[in-house]
Asker: 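Structure in structure tokens, see below.
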There are 2 protein chains.
Amino acid sequence: MERDETYEHAQKLLKMTGLRPTRQRLGLAHLLFDQGNRHVTAEGLHSEACKSGLSVSLATVYNTLHQFMEAGLLNQVNLEGARTYFDTNLEPHGHYYFADRRELMDVPAPGFDKTALPAPPEGTQITRVDVIVTLHDVPK
Amino acid sequence: MERDETYEHAQKLLKMTGLRPTRQRLGLAHLLFDQGNRHVTAEGLHSEACKSGLSVSLATVYNTLHQFMEAGLLNQVNLEGARTYFDTNLEPHGHYYFADRRELMDVPAPGFDKTALPAPPEGTQITRVDVIVTLHDVPK
DNA sequence: AACGCCAAATAGAACGATTCTAATCTTATC
DNA sequence: GATAAGATTAGAATCGTTCTATTTGGCGTT
């Protein structure tokens, strides 16, 4: 019995967004959304895709990640060192950044209340709130 | 009566840190610390220095900003787009990021409690907490 | 004031992550 | 299966930043 490669779930997501279900987008959607919440970089996802046998260029990975962002399927996380991470968890939450390992983890309880923020200055509106807790290994 | 260019305050700061009071470091310290809290980028500070008649290279601005960080005179703020800002406000606080203007402002009341964060995972310690509230102009 | 040592400053090359460009290939439609 | 619009591609270009090798400058000693 063969492995099912129809990517039903990914198909459905793409249909929702109106993006054409190309081989690359399907494969990337599958990697991103069919295994629980993830934090990926473009480079990371690209090499993962290549390993899994999906032929896709780095430029397309960038394009696709941005399109998924636009479509509201992903969130961006910005942190030190120019590296951008993409997060499949759409709930409001914070992040632990394990600096020594360059890895991200959701903070279960962000410990801050978005609604408790002071009203933003006149003529502006809040578009995102990022809470990043940077961690280093304790030297022993 | 001539303008006083001895930069007393800057001199004092450099003495405290043990960094040699070179012309460049004095000038930059003066720009950074003698006019209230500031948020600067390396590029921004460099062009400001040039305009004010201080001859300094971009590399030196980067070096100096990092040395001031090491010395605890500055904090770094990381946000989208690979651009790093340096902040002279050393108190714990959050930031508004005016995305349309690419400008930073301190958030008077951060609206979160650092102590309310869950204990970090075993073997790690919190080295920084960044709270960034991104704002966009309201289209009217 | 001249000497010399070493830290600091410099220009420009190198770098990593990302975006752009122009050509080629796919997909959906007729 | 021809067509047009959209998607993918390799590689060049860009941005902010760091590195490198060389020159300059601060400062304690003669």
Side-chain angles (χ1 to χ4, degrees), chain A residues 6-7 10-11 13-15 17-29 31 39-50 53-71 74 76-86 97 99 102-104, chain B residues 6-7 10-11 13-15 17-31 39-50 53-71 73-74 76-86 97 99 102-104:
Chain A
T6 55
Y7 300 155
Q11 295 259 16
L13 284 176
L14 288 184
K15 182 148 284 176
T17 65
L19 291 166
R20 275 200 200 173
T22 64
R23 195 160 31 79
Q24 287 81 350
R25 292 212 268 238
L26 276 170
L28 294 175
L31 288 173
H39 300 99
V40 302
T41 61
E43 291 274 5
L45 183 59
H46 180 239
S47 73
E48 197 179 322
C50 292
L54 174 66
S55 151
V56 61
S57 72
L58 184 56
T60 297
V61 172
Y62 275 104
N63 289 340
T64 304
L65 285 170
H66 288 139
Q67 289 152 357
F68 287 179
M69 276 253 305
E70 287 278 294
L74 288 176
Q76 220 177 13
V77 186
N78 308 115
L79 30 86
E80 58 103 28
R83 254 178 137 73
T84 301
Y85 284 76
F86 295 85
Y97 176 54
R102 296 185 129 201
E103 253 172 53
L104 272 185
Chain B
T6 55
Y7 299 155
Q11 295 258 16
L13 283 176
L14 288 184
K15 182 148 286 177
T17 65
L19 292 167
R20 270 201 206 170
T22 63
R23 195 160 33 77
Q24 287 81 351
R25 292 211 269 236
L26 277 169
L28 295 175
H30 176 64
L31 289 173
H39 300 99
V40 303
T41 60
E43 291 274 5
L45 183 60
H46 179 239
S47 74
E48 197 179 322
C50 291
L54 173 65
S55 151
V56 62
S57 72
L58 183 56
T60 297
V61 173
Y62 274 104
N63 289 339
T64 305
L65 286 170
H66 287 139
Q67 289 151 358
F68 287 0
M69 276 253 305
E70 287 278 294
L73 298 175
L74 289 175
Q76 220 177 14
V77 186
N78 307 115
L79 31 85
E80 58 103 28
R83 255 178 136 75
T84 301
Y85 283 75
F86 295 85
Y97 176 56
R102 297 185 130 202
E103 252 172 54
L104 272 184

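Residue numbers start from 1 in every chain, and the chains themselves are labelled A, B, ... in the order their sequence lines are given, proteins ahead of strands.
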Asker: Go through the steps for Thr84(B) and Thr41(B) under the test side-chain contact (heavy atoms from CB on, under 4.5 Å), then give the verdict.
Answerer: CA-CA 6 Å; Thr84(B) 301; Thr41(B) 60; over 6 Å; no
Asker: Pick base, sugar-phosphate or nothing for Ser55(B), based on heavy-atom distances below 4.0 Å to the nucleic acid.
Answerer: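 The answer is sugar-phosphate, as Ser55(B) gets under 4.0 Å only of primed atoms, P, OP1 or OP2.
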Asker: Measure CG/Leu26(B) against P/dA7(C) and give the value in whole Å, please.
Answerer: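 To the nearest whole Å, that distance equals 19 Å.
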Asker: If you look at every heavy atom in Thr17(A) and Ala71(A), which pair is closest and at what distance?
Answerer: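 That closest heavy-atom pairing would be CG2-CB, 3.6 Å.
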Asker: Strictly below 4.0 Å: does Ser57(B) bring a side-chain N or O up to OP1 or OP2 of dA9(C)?
Answerer: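 So the side chain of Ser57(B) is outside the cut-off, no N or O lying under 4.0 Å from OP1 or OP2 of dA9(C).
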Asker: Tell me whether the side-chain N/O atoms of Gln67(B) come closer than 4.0 Å to OP1 or OP2 in dA8(C).
Answerer: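 For dA8(C), neither OP1 nor OP2 has a side-chain N or O of Gln67(B) closer than 4.0 Å.
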Asker: Passes side-chain contact (heavy atoms from CB on, under 4.5 Å), Thr64(A) versus Gln24(A)? Steps please.
Answerer: CA-CA 9 Å; Thr64(A) 304; Gln24(A) 287 81 350; 5.5 Å; no
Asker: Mind calculating the distance between CG (Leu45(B)) and P (dA9(C)) to the nearest angstrom?
Answerer: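 Rounded to the whole Å, the gap is 13 Å.
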Asker: Using modelled atom types and a 3.5 Å cut-off, is there a donor and acceptor pairing between side-chain atoms of His66(A) and backbone atoms of Tyr62(A)?
Answerer: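 Yes; judged by distance alone, with no hydrogens or angles, the pair exists.
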Asker: Start with the C-alpha distance between Val56(A) and Val61(A), add both sets of side-chain angles, then the distance that settles side-chain contact (heavy atoms from CB on, under 4.5 Å), and finish with yes or no.
Answerer: CA-CA 7 Å; Val56(A) 61; Val61(A) 172; 4.1 Å; yes
Asker: Report, as yes or no, whether the 6.0 Å neighbourhood of atom CD on Glu70(B) holds more than 12 heavy atoms from other residues, nucleotides or ligands.
Answerer: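 No, CD of Glu70(B) has 12 or fewer neighbouring heavy atoms, counting only those of other groups under 6.0 Å.
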Asker: Apply the test side-chain contact (heavy atoms from CB on, under 4.5 Å) to residues Glu103(A) and His39(A): give CA-CA distance (whole Å), side-chain angles for both, the deciding distance (0.1 Å), then the verdict.
Answerer: CA-CA 8 Å; Glu103(A) 253 172 53; His39(A) 300 99; over 6 Å; no
Asker: Starting from C1' on dT8(D), measure out to CG on Leu19(A) and report it in whole angstrom.
Answerer: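 About 14 Å, once rounded to whole Å.
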Asker: Tell me the interatomic distance from Lys15(A), atom NZ, to dT27(C), atom C1', rounded to whole angstroms.
Answerer: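 So the NZ-C1' distance, Lys15(A) to dT27(C), works out to 13 Å.
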Asker: Classify the ring geometry of Tyr97(A) against Tyr85(A): parallel below 30°, tilted from 30° to 60°, perpendicular beyond 60°.
Answerer: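 Perpendicular: the ring planes of Tyr97(A) and Tyr85(A) meet at over 60°.
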Asker: Using the 3.5 Å cut-off, write out each protein N or O paired with an N or O of nucleotides 23-25 of chain C and the distance between them.
Answerer:
none

Asker: Rounding to an integer number of Å, can you tell me how far Leu65(A) CG sits from dT19(C) P?
Answerer: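 Value for this atom pair: 10 Å.
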Asker: Do nucleotides 17-28 of chain D as a string where each nucleotide becomes B, S or -: B if the base has a protein heavy atom under 4.0 Å, S if just the sugar-phosphate does, - if no protein is that close.
Answerer: BBB------BS-
Asker: Expressed as a whole number of angstroms, how long is the span from His46(A):NE2 to dG16(C):P?
Answerer: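 Going from His46(A) (NE2) to dG16(C) (P), I get 17 Å.
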